[in-house]
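Structure, as structure tokens:
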Amino acid sequence: HSVGIIGAPFSKGQSRDGVQLGPDLIRAAGLVEKLKGQGCTVKDYGNLTFEEVAKDETTGRAKRPRAVGQANKQLSEAVRKIKSEGHACVMLGGDHSLAIGSIHGHAACGTQLSVVWVDAHADINTPLTTPTGNIHGQPMSYLIHELRSKIPVMPNFSWLKPCIAAEDVVYIGLRDVDPEEQVKKPIHLSYDIDALDPSLAPATGTPVVGGLTYREGIYITEHICQTGLLSAVDMVEVNPKRGGTDNGVRSTVDAAVDLLLGCFGRVREG
Ligand SMILES: N[C@](CCCC[B-](O)(O)O)(CCN1CCC(O)CC1)C(=O)O
Ligand SMILES: [Mn+2]
Ligand SMILES: [Mn+2]
Ligand SMILES: [Mn+2]
């Protein structure tokens, strides 16, 4: 791997001091040496420097837009350069408003991106829906084509064009989504019993080792139930002619029933 590192000691996407210290802290913990130690070539492009911005008035509800827009313009250019020089880019923040520049700069190198957003939060408030005004809770709204009409003109944001399709985003770790961030679409859950491990659900046509445990399988249904959006469920591929023993068939059928109960409110104790 060839890795290019850029530090973005920026904190104006939110209001807590200290997050600007992240880049150098991560370096001091040996990131460059440890990457080299595992065979990477590493080029450290250092830290961006961000000019102070005077009279940064709130736009809509978004706070400090000039500072955030300017910093992300610089970051976009830096990430684009790192990508053009053939590296995988590591951006060290700084607060999450920096994803605006990082993803924009990455997308500028031409190929359509998919985004895996690992976060307790969806960070997809718009400047008009944000409950706090902090732009670190909004970056996705500026990047996604489908939300373009929801974004007002913002000072120092004119350089930014949406560059990601909503279908190319996946979230992992979400557990604190604001009401305005929830996309209200009914859920169709299509559950093939062979997702479960054959030790638990052997009575199915195409068993594959390494499947979900009972706990993992049920967890999915309980969480989908909690969204309140479940509108239809498929529970398929239970086959009593497979699975060998009566016990195997019984286990498979019981699992299918438990999964459906999980979809409609049954919660395990503990
Ligand atoms: N969704 C929040 C938090 C964003 C966090 C940004 B990060 O980059 O860390 O993902 C607001 C969260 N929420 C507001 C209402 C409160 O009662 C609970 C927290 C927002 O400020 O938009
Ligand atoms: Mn975030
Ligand atoms: Mn954050
Ligand atoms: Mn977060």
Side-chain angles (χ1 to χ4, degrees), residues 5-26 47-48 50 56-76 78-79 89-107 113-152 154-157 160 162-166 168-185 223 226-229:
I5 297 174
I6 182 75
F10 185 73
S11 66
K12 300 284 192 298
Q14 47 90 63
S15 51
R16 293 186 173 89
D17 184 49
V19 68
Q20 73 281 2
L21 303 173
D24 289 341
L25 268 182
I26 292 169
N47 286 349
L48 294 171
F50 302 117
D56 204 349
E57 75 287 0
T58 295
T59 307
R61 292 194 204 159
K63 293 173 182 164
R64 301 173 289 272
R66 286 183 189 282
V68 174
Q70 181 173 283
N72 278 291
K73 186 172 189 297
Q74 289 173 241
L75 178 58
S76 177
V79 170
C89 182
V90 171
M91 184 277 284
L92 303 176
D95 71 62
H96 220 164
S97 66
L98 292 163
I100 295 168
S102 178
I103 292 173
H104 183 271
H106 188 186
L113 301 179
S114 56
V115 174
V116 178
W117 198 277
V118 184
D119 197 328
H121 309 94
D123 292 1
I124 198 164
N125 277 300
T126 75
L128 306 177
T129 68
T130 167
T132 62
N134 294 325
I135 296 181
H136 76 156
Q138 304 169 39
M140 288 294 265
S141 76
Y142 301 99
L143 294 165
I144 288 180
H145 293 293
E146 289 84 348
L147 292 175
R148 184 167 201 159
S149 64
K150 310 274 188 212
I151 306 298
M154 306 253 293
N156 284 355
F157 275 66
L160 175 59
C163 51
I164 300 291
D168 292 333
V169 177
V170 66
Y171 281 109
I172 299 174
L174 280 190
R175 55 193 185 281
D176 181 10
V177 180
D178 297 330
E180 304 85 349
E181 292 179 303
Q182 292 176 18
V183 180
K184 301 244 178 284
K185 283 184 188 158
H223 267 256
Q226 282 166 14
T227 67
L229 295 169

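Fair warning: this is a prediction, and the values are worked out from it, not measured in the lab. Heads up: numbering here begins at 1 and tracks the sequence. Whatever order the structure lists ligands and atoms in, that order sets their numbers, starting from 1.
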Below 30° counts as parallel, above 60° as perpendicular, anything between as tilted: where do the rings of Tyr142 and Phe157 land? tilted

Side chains of His121 and Asp123: is there a donor and an acceptor less than 3.5 Å apart? no

Atom of Ser141, atom of Thr126 and distance for their closest heavy-atom approach: OG-CA, 3.7 Å

Confirm or rule out an N/O/S atom of His136, from backbone or side chain, lying less than 2.8 Å from the Mn ion (ligand 2). no

Enumerated ligand 1 atoms positioned under 4.0 Å from heavy atoms of Thr132: 20 (C), 21 (O)

Could you identify the N, O or S atom of Asp119 positioned closest to the Mn ion (ligand 4)? OD1

In terms of its nearest heavy atom to atom 6 (C) of ligand 1, the top option of Gln14, Gln138, His136 is His136

For ligand 1, which atoms, with element, lie under 4.0 Å from some heavy atom of Asp119? 10 (O)

Can you name the closest pair of heavy atoms from Thr129 and Arg61 and give their distance? O-NH1, 3.3 Å

From the N, O or S atoms in His121, identify the one nearest to the Mn ion (ligand 4). ND1

Derivation of the side-chain contact (heavy atoms from CB on, under 4.5 Å) call for Leu98 and Asn72: CA-CA 6 Å; Leu98 292 163; Asn72 278 291; 4.1 Å; yes

For His96, the N, O or S atom at the shortest distance from the Mn ion (ligand 2) is ND1

List every atom of ligand 1 that sits less than 4.0 Å from any heavy atom of Asp123, numbering the atoms from 1 in the order shown and giving each element. 5 (C), 6 (C), 7 (B), 8 (O), 10 (O)

Using non-hydrogen atoms of the residue, decide whether Asn134 is closer than 4.0 angstrom to ligand 1. no

Counting heavy atoms only, which part of Asp95 comes closer than 4.0 Å to ligand 1: side chain, backbone, both or neither? neither

Residues in ring pair (Phe, Tyr, Trp, His ring centres under 6.0 Å) contact with His145, at least two apart in sequence or another chain: none

At a 4.0 Å threshold, what atoms of ligand 1 neighbour a non-hydrogen atom of Asp178? 1 (N), 2 (C), 11 (C), 12 (C), 13 (N), 14 (C), 20 (C), 22 (O)

Atoms of ligand 1 under 4.0 Å from any heavy atom of His96, numbered from 1 in the order shown, are 8 (O)

Answer yes or no: does an N/O atom from Thr130 fall short of 3.5 Å to an N/O atom of ligand 1? no

Nearest heavy-atom neighbours spanning Met154 and Ala62: CE-CB, 3.8 Å

Under 3.5 Å donor-acceptor, Arg64 side chain and Gln14 backbone: yes

Please find out if the Mn ion (ligand 2) and some N, O or S atom of Asp123 are separated by less than 2.8 Å. yes

Taking all heavy atoms of Ser102 and all of Val79, pick out the closest pair and write down the distance. O-CG1, 3.6 Å

